[in-house]
Amino acid sequence: MTGRDRIIIHVDMDAFYASVEIRDNPALKGKPVIIGALPDQRGVVSTCSYEARSFGVRSGMNIKEAYRLCPQGVYIHPDFEKYKAVSEQLHGIWDSYATVSEPIAFDESFLDVTATAGNFDRAAEMAREIKRRTREEVGLTCSVGVAYCMSAAKIASEEMKPDGFFEIRTREEFVELMSGREVRELFSVGPRTAERLNDLGITTVSDIRDHAKDVVRAFGKHGSFLVGLADGIDDREVTPYRPEDAKSVSRELTFQEDVSDYVLIRDVILLLALSVEERASRYGLHGNGISVKITYSDMKTITRTRTGASDDSAITIAKEAWKMMENLGKRPVRLIGVGVFNFAAKKVRQMTLDPEEEEIPAEEELAYFLEKMHKRYRFDFAKNREWMLRVDRMHGVAEHMRIQRNKTLSKHGHSQ
Ligand code: TTP
Ligand code: MG
């Protein structure tokens with residue numbers, strides 16, 4: 001089953017934060033620019049210019065390590081408000097080409113142009129136009145991929161980065177391009193899945209095709225999905241976020257292995273809540289209904305909802321979800337989801353004379369939980385907040401958390 005072929009454009013900005021800073025300060029042009037913590041602080045690299053990458057600097061790298069590799073770099077603290085404004089301008093341009101778009105990050109979007117382009121030649125022209133307008137109207141370069149499905153479009157946009165353009169028009173082209181590539185390049189293959197595949201002697205995409213039965217046996221449903229991907233089959237639809245159509249905003253996550261550790265489950269709920277808050281607020285949606293969904297290892301699914309929450313901050317969403325969960329049995333969990341609904345035109349948060357007054361405690365409480373989680377999982381959630389919320393990254397973060405917890409629990413003899 002291959003589903004319906006579509007024409008999808010994936011756009012992704014080049015060295016996004018760094019490029020914005022260079023655009024706004026041309027003296028930085030051609031220099032290794034590193035955005036993130038400053039070298040005398042604790043923290044990591046958010047991103048860096050391609051010049052900095054040639055020194056080996058990478059996103060997520062400890063800033064001290066970056067400084068060791070590139071002491072001559074220009075280190076700049078990120079200015080999220082600025083990037084957000086640029087992001088809105090970018091998505092505004094890109095969305096006008098698609099019937100449906102899925103803005104999966106500040107600097108990245110999937111555009112379904114099947115109907116607006118009609119054929120691949122026209123879609124390629126559109127993609128070039130998107131690049132030109134992004135350069136002329138925003139002053140930045142992006143890389144675009146044009147393809148028949150989402151996975152292929154994403155891979156295509158990475159193929160010729162930076163300032164790239166690449167097309168994958170058919171499954172056959174996809175299979176040929178990808179056959180010798182590492183399994184990690186496929187959507188949904190994180191470090192842990194890659195390691196498990198490697199243990200089976202599967203290192204390349206064509207190995208997945210050659211050992212399809214083993215992959216399905218070892219990974220079940222995810223295995224079938226991977227075998228499909230290796231064959232160039234990806235039926236995921238570009239999912240629109242049209243605020244006026246939205247009845248709810250939710251995020252869910254399937255663990256790679258069933259989880260019985262409810263400390264971990266609660267922490268993952270907080271991350272999902274952060275993601276829901278971010279997505280809802282990006283579209284100006286405010287709700288006072290909160291939902292939680294759990295699928296247990298036996299595939300039984302339970303959903304619980306509550307309305308009348310005092311606000312829809314991440315911390316409130318998480319706390320309501322935690323409360324609802326307390327009344328459910330503590331069985332091994334496969335999937336966990338969190339959502340907000342009951343949208344009103346205005347913020348549900350009650351107006352006070354000083355609206356700032358209410359904001360601070362919620363943020364502080366959140367910071368408190370994130371700091372506890374920082375210690376628990378040795379990962380700085382606060383610093384990496386925007387990065388980790390991206391759809392393609394949350395699974396990796398959750399997997400890291402699960403592994404850290406397993407280590408801790410085995411050290412302490414499962415006493416926690
Ligand atoms: P990416 O698109 O992954 O990276 P990029 O745009 O900087 O570089 P390129 O696409 O050319 O490889 O991420 C977009 C932005 O998200 C990035 O500019 C900064 C932020 N980000 C982080 O804050 N931390 C991270 O670890 C990553 C990867 C990105
Ligand atoms: Mg990018």
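When a ligand or atom number is given, it counts from 1 through the structure's own listing order.
- Residue contacts with ligand 1 include M13, since one of its heavy atoms falls under 4.0 Å from the ligand.
- Among the atoms of D12, an N, O or S atom is found under 2.8 Å from the Mg ion (ligand 2).
- The distance criterion of under 3.5 Å between nitrogen or oxygen atoms is met by K161 with respect to ligand 1.
- Salt bridge present: R181 and E185 bring a charged side-chain N and a carboxylate O closer than 4.0 Å.
- By the neighbour-count criterion of 12 heavy atoms within 6.0 Å, atom CD of Q41 is densely surrounded, having more than that number from other residues, nucleotides or ligands.
- At a 3.5 angstrom cut-off on N or O pairs, D12 counts as close to ligand 1.
- Less than 4.0 angstrom separates some heavy atom of T47 from each of these atoms of ligand 1: 5 (P), 7 (O), 17 (C), 18 (O), 19 (C).
- The aromatic ring centroids of F369 and F381 lie 6.0 Å or more from each other.
- The single protein non-hydrogen atom nearest to atom 15 (C) of ligand 1 is Y17 CE2, 4.0 Å, given as residue, atom name and distance.
- Between N384 and ligand 1, no N or O atom pair is found at a separation short of 3.5 Å.
- Taking every heavy atom of R53 and a limit of under 4.0 angstrom, the matching atoms of ligand 1 come to 5 (P), 7 (O), 8 (O), 9 (P), 11 (O), 12 (O).
- Looking only at distances, a side-chain donor or acceptor of H400 sits under 3.5 Å from a matching main-chain atom of Y377.
- At a cut-off of 2.8 Å, T47 does not coordinate the Mg ion (ligand 2) through any N, O or S atom.
- Between the side chains of S291 and R306, not a single donor N or O lies within less than 3.5 Å of an accepting N or O.
- A salt bridge is defined here as a Lys NZ or Arg NE, NH1 or NH2 lying under 4.0 Å from an Asp or Glu carboxylate O, and D199 with R196 fails to meet this definition.
- Look at D107 and the Mg ion (ligand 2): an N/O/S atom of the residue is under 2.8 Å from the metal.
- For the pair A15 and ligand 1, a heavy-atom separation below 4.0 Å is found.
- Contact annotation: for Y50 versus ligand 1, heavy atoms closer than 4.0 Å belong to the side chain alone.
- Near R393, with a cut-off below 4.0 Å to any heavy atom, the atoms of ligand 1 are 3 (O), 28 (C).
- Taking atom 13 (O) of ligand 1 as the reference point, the nearest protein heavy-atom neighbour is R390 NH1, 3.1 Å.
- Listed by number with element, the atoms of ligand 1 under 4.0 angstrom from any heavy atom of D107 are 2 (O), 6 (O), 14 (C).
- From the protein, the heavy atom lying nearest to atom 27 (C) of ligand 1 is W387 CD1, 2.7 Å.
- In terms of polar-atom proximity, V45 is not counted as a contact of ligand 1, lacking any N or O under 3.5 Å from an N or O of the ligand.
- Not a single heavy atom of Y83 sits closer than 4.0 Å to an atom of ligand 1.
- A salt bridge does not link D112 to R6: none of the charged nitrogens lies less than 4.0 Å from a carboxylate oxygen.
- Of the charged side-chain nitrogens involved, at least one lies within less than 4.0 Å of a carboxylate oxygen, so that K131 and D163 count as a salt-bridged pair.
- Distances below 4.0 Å separate heavy atoms of S59 from the following atoms of ligand 1: 25 (C), 26 (O), 27 (C), 28 (C).
- Salt bridge annotation for E257-R402: present, with a cationic side-chain nitrogen under 4.0 angstrom from a carboxylate oxygen.
- Under a 4.0 Å N-O distance rule, the pair R169/D121 qualifies as a salt bridge.
- Under 3.5 Å, the side chains of S250 and S248 contain no donor-acceptor pair of N or O atoms.
- In the vicinity of S46, heavy-atom distances shorter than 4.0 Å reach the ligand 1 atoms 19 (C), 21 (N), 22 (C), 23 (O), 24 (N), 25 (C), 26 (O), 27 (C), 29 (C).
- Heavy-atom proximity to F16, at under 4.0 Å, picks out these atoms of ligand 1: 5 (P), 6 (O), 7 (O), 18 (O).
- Between the side chain of K383 and the backbone N or O of R42, at least one donor-acceptor pair lies under 3.5 Å.
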